[in-house]
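Below: the structure, in structure tokens.
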Amino acid sequence: MPFQHERGKYPVGTVVRLKKTGEFAIIVDKAYLKDEKEFLNYYANIEGRADGRWALYDGDFELECLPPTT
């Protein structure tokens, strides 16, 4: 069965808190299984860690703050 996580689609720029460590992260990109329909994970910059994109999987984090809308 394909991955379908419609409820978890956060926009780029969303701030989240990692459940295991309590660290904050900012979502910088999304990754899809195929055709931008079957959601797989997010890529984020994690505060205090070395530069780079870290994979965050749905369920590993909680919403902290949505990005402002303009």
Side-chain angles (χ1 to χ4, degrees):
M1 181 164 212
F3 295 98
Q4 293 287 343
H5 298 284
E6 292 299 321
R7 67 168 185 79
K9 289 192 176 182
Y10 296 117
V12 170
T14 299
V15 177
V16 296
R17 183 187 300 258
L18 305 181
K19 289 182 179 179
K20 284 187 177 181
T21 63
E23 295 171 292
F24 289 102
I26 298 174
I27 294 174
V28 295
D29 201 4
K30 301 176 189 179
Y32 293 92
L33 190 57
K34 69 175 186 176
D35 299 330
E36 295 191 13
K37 293 181 182 177
E38 297 171 11
F39 187 74
L40 184 58
N41 65 344
Y42 296 97
Y43 291 110
N45 291 333
I46 299 176
E47 183 180 50
R49 291 197 189 176
D51 290 338
R53 294 173 11 155
W54 299 81
L56 301 180
Y57 299 96
D58 193 36
D60 290 347
F61 59 88
E62 298 174 335
L63 174 65
E64 189 66 28
C65 179
L66 290 170
T69 57
T70 56

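What you are looking at is a predicted structure, and each value in this text was computed from that prediction instead of being measured.
The hydrophobic clustering, which links ILVMFWY residues whose side-chain heavy atoms are closer than 4.5 Å, places Val15 and Leu56 apart. Two different hydrophobic clusters hold Ile26 and Phe61 under the rule that ILVMFWY side chains link at heavy-atom gaps under 4.5 Å.
Checked against side-chain hydrogen bond (donor to acceptor under 3.5 Å, both in side chains), Glu47 has no partners two or more places apart in sequence or in another chain. Taking the side-chain contact (heavy atoms from CB on, under 4.5 Å) definition, one finds that Asn45 meets it with Val28, Arg53, sequence neighbours left out.
Side-chain atoms of Lys30 never come within 3.5 Å of backbone atoms of Val12 as a donor-acceptor pair (strictly under, hydrogens ignored).
More than 12 heavy atoms of other residues, nucleotides or ligands shown are found within 6.0 angstrom of CZ on Phe24.
A distance of 10.5 Å separates CG of Asn41 from CD1 of Ile27, quoted to the nearest 0.5 Å.
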